[in-house]
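For reference, positions follow the sequence shown, starting with 1. Owing to the predicted nature of the structure, the values given are computational and were not obtained by experimental measurement.
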Amino acid sequence: MHIQDTHWTSASAVAPSGVSGGANGRAAGDSSRSTPLRVDAQRNLEHVLRAAREVFGELGYGAPMEDVARRARVGVGTVYRRFPSKDVLVRRIAEEETSRLTDQARTALGQEDEPWSALSRFLRTSVASGAGRLLPPQVLRVGVADEPARDAVRGEARVPEQRSGPDLRLVEQRAMSADEAALALGPDDSGAAALLEVVGRLVDRAREAGELRADVTVSDVLLVIATAAPSLPDAAQQAAASARLLDILLEGLRSRPA
């Protein structure tokens with residue numbers, strides 16, 4: 001995932017549904033959820049959202065709205081009518097991705113009895129879906145030791161430029177529990193907190209079973225998702241590279257007999 005320099009607004013400015021906080025933002029950013037759209041308007045919205053997922057997944061959240069419009073084959077004005085700023089669109093995409101990851105983690109918890117099988121299933125499903133390229137940056141910042149990055153979790157700082165993957169300086173961390181991580185995010189990041197809570201349960205189960213290294217944190221698991229989802233031009237090559245890299249990373253997560 002490549003997160004370029006783009007201001008990540010706080011949830012007080014953009015509501016959890018991807019809505020701008022003011023009345024204008026509600027009309028432009030969330031009318032698709034409150035009133036029915038014409039067929040052509042609904043189709044354009046779907047094209048924009050699909051294009052945004054593709055463009056941000058390939059180029060990072062710093063990609064311009066013009067790139068999204070070109071990929072959606074609509075005018076940039078059409079994009080701005082639905083999303084009055086790029087921050088609104090970015091938050092909508094990131095929140096949808098966070099929700100999808102949370103559902104995948106819950107499915108793994110509910111359908112796998114073995115703790116390691118549940119954790120590895122979640123990681124494989126998430127990486128195969130390309131979720132790591134769209135993880136919201138505040139999730140990857142959980143556990144960061146320095147105060148500037150901790151401010152960024154709350155939307156008070158600009159997202160640092162990342163060109164070839166998550167900036168490892170952002171994840172030099174002490175061991176932080178899922179509860180501590182959720183508190184660090186703050187009350188306005190309920191979607192991210194839910195993801196951290198359910199992934200924390202996967203991590204705790206695998207650690208308690210002696211199958212996960214004791215020093216592995218929730219942030220480490222999310223970093224694996226982000227790291228193991230490369231963006232390559234050939235789909236088959238990308239799938240093979242992701243699977244190979246994930247196998248290596250999973251081996252690194254497993255505990256070893258003393």
Side-chain angles (χ1 to χ4, degrees), residues 1 3 8-12 14-19 49 52-53 56-57 60-61 89-112 115-144 149-150 152-155 159 162 165-167 170-171 173 175-207 212 216-229 246 249-250 253:
M1 180 181 65
I3 305 174
W8 190 268
T9 56
S10 67
S12 60
V14 181
S17 61
V19 185
L49 291 172
R53 283 189 288 269
F56 293 148
Y61 283 127
L89 177 58
V90 164
R91 182 166 287 273
R92 170 77 175 264
I93 297 300
E95 286 174 348
E96 288 182 351
E97 199 63 26
T98 299
S99 178
R100 179 164 66 142
L101 282 172
T102 303
D103 289 342
Q104 291 171 350
R106 286 175 177 151
T107 297
L109 269 174
Q111 297 185 2
E112 296 288 347
W116 180 256
S117 297
L119 180 60
S120 60
R121 171 176 173 163
F122 166 63
L123 287 169
R124 292 187 186 282
T125 301
S126 300
V127 170
S129 69
R133 292 190 294 275
L134 292 169
L135 273 172
Q138 73 266 34
V139 171
L140 292 178
R141 278 173 176 71
V142 170
V144 180
R150 197 173 291 278
V153 170
R154 299 178 174 87
V159 178
Q162 297 183 19
D167 187 341
L170 295 178
V171 290
Q173 59 193 35
M176 178 180 280
S177 70
D179 288 342
E180 289 176 310
L183 287 173
L185 286 171
D188 292 327
D189 287 294
S190 58
L195 172 63
L196 293 171
E197 188 276 332
V198 69
V199 175
R201 289 162 60 193
L202 286 167
V203 168
D204 290 343
R205 286 180 60 198
R207 186 186 296 118
L212 183 69
V216 172
T217 68
V218 174
S219 299
D220 294 325
V221 171
L222 294 176
L223 182 61
V224 166
I225 296 173
T227 303
L246 182 56
L249 294 172
L250 282 169
L253 294 178

Decide yes or no on side-chain contact (heavy atoms from CB on, under 4.5 Å) for T98 and E95, but give the supporting numbers first. CA-CA 5 Å; T98 299; E95 286 174 348; 5.5 Å; no
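Taken to the nearest 0.5 Å, the CD1 atom of I225 stands 4.0 Å off from the OG atom of S126. To the nearest 0.5 Å, atom CZ of residue R121 and atom CG of residue L202 are 11.0 Å apart. With rounding to the nearest 0.5 angstrom, the CG atom of L212 is 6.0 Å from the CG atom of L253. Between R124 atom CZ and L119 atom CG the span is 10.5 Å, to the nearest 0.5 Å. Note that CD of E96 is 5.5 Å distant from CZ of R53, once rounded to the nearest 0.5 Å.
For the pair L123 and L249, the minimum side-chain heavy-atom distance is 4.5 Å or more. Within the 4.5 Å cutoff, no side-chain heavy atoms of V203 are placed close to those of F122. Between L101 and V199 the shortest side-chain heavy-atom distance does not fall below 4.5 Å.
Of the possible polar contacts, none joining the T227 side chain to the V224 backbone as a donor-acceptor pair under 3.5 Å is found. A distance-only check finds no donor-acceptor pair linking the side chain of D204 to the backbone of R201 [under 3.5 Å].
Here the closest non-hydrogen pair linking V198 and A105 is CG1-CB, 3.6 Å. Between V218 and G200, the shortest heavy-atom distance links the atoms CG2-CA, 3.6 Å. The minimum heavy-atom distance linking A226 with L135 is given by the pair CB-CD1, 4.1 Å. Taking each heavy atom of G57 and L134 in turn, the nearest pair found is N-CD2, 3.7 Å. A pairwise comparison of heavy atoms in L250 and W116 identifies O-CH2, 3.6 Å as the closest pair. Taking each heavy atom of A118 and A108 in turn, the nearest pair found is O-CB, 3.3 Å.
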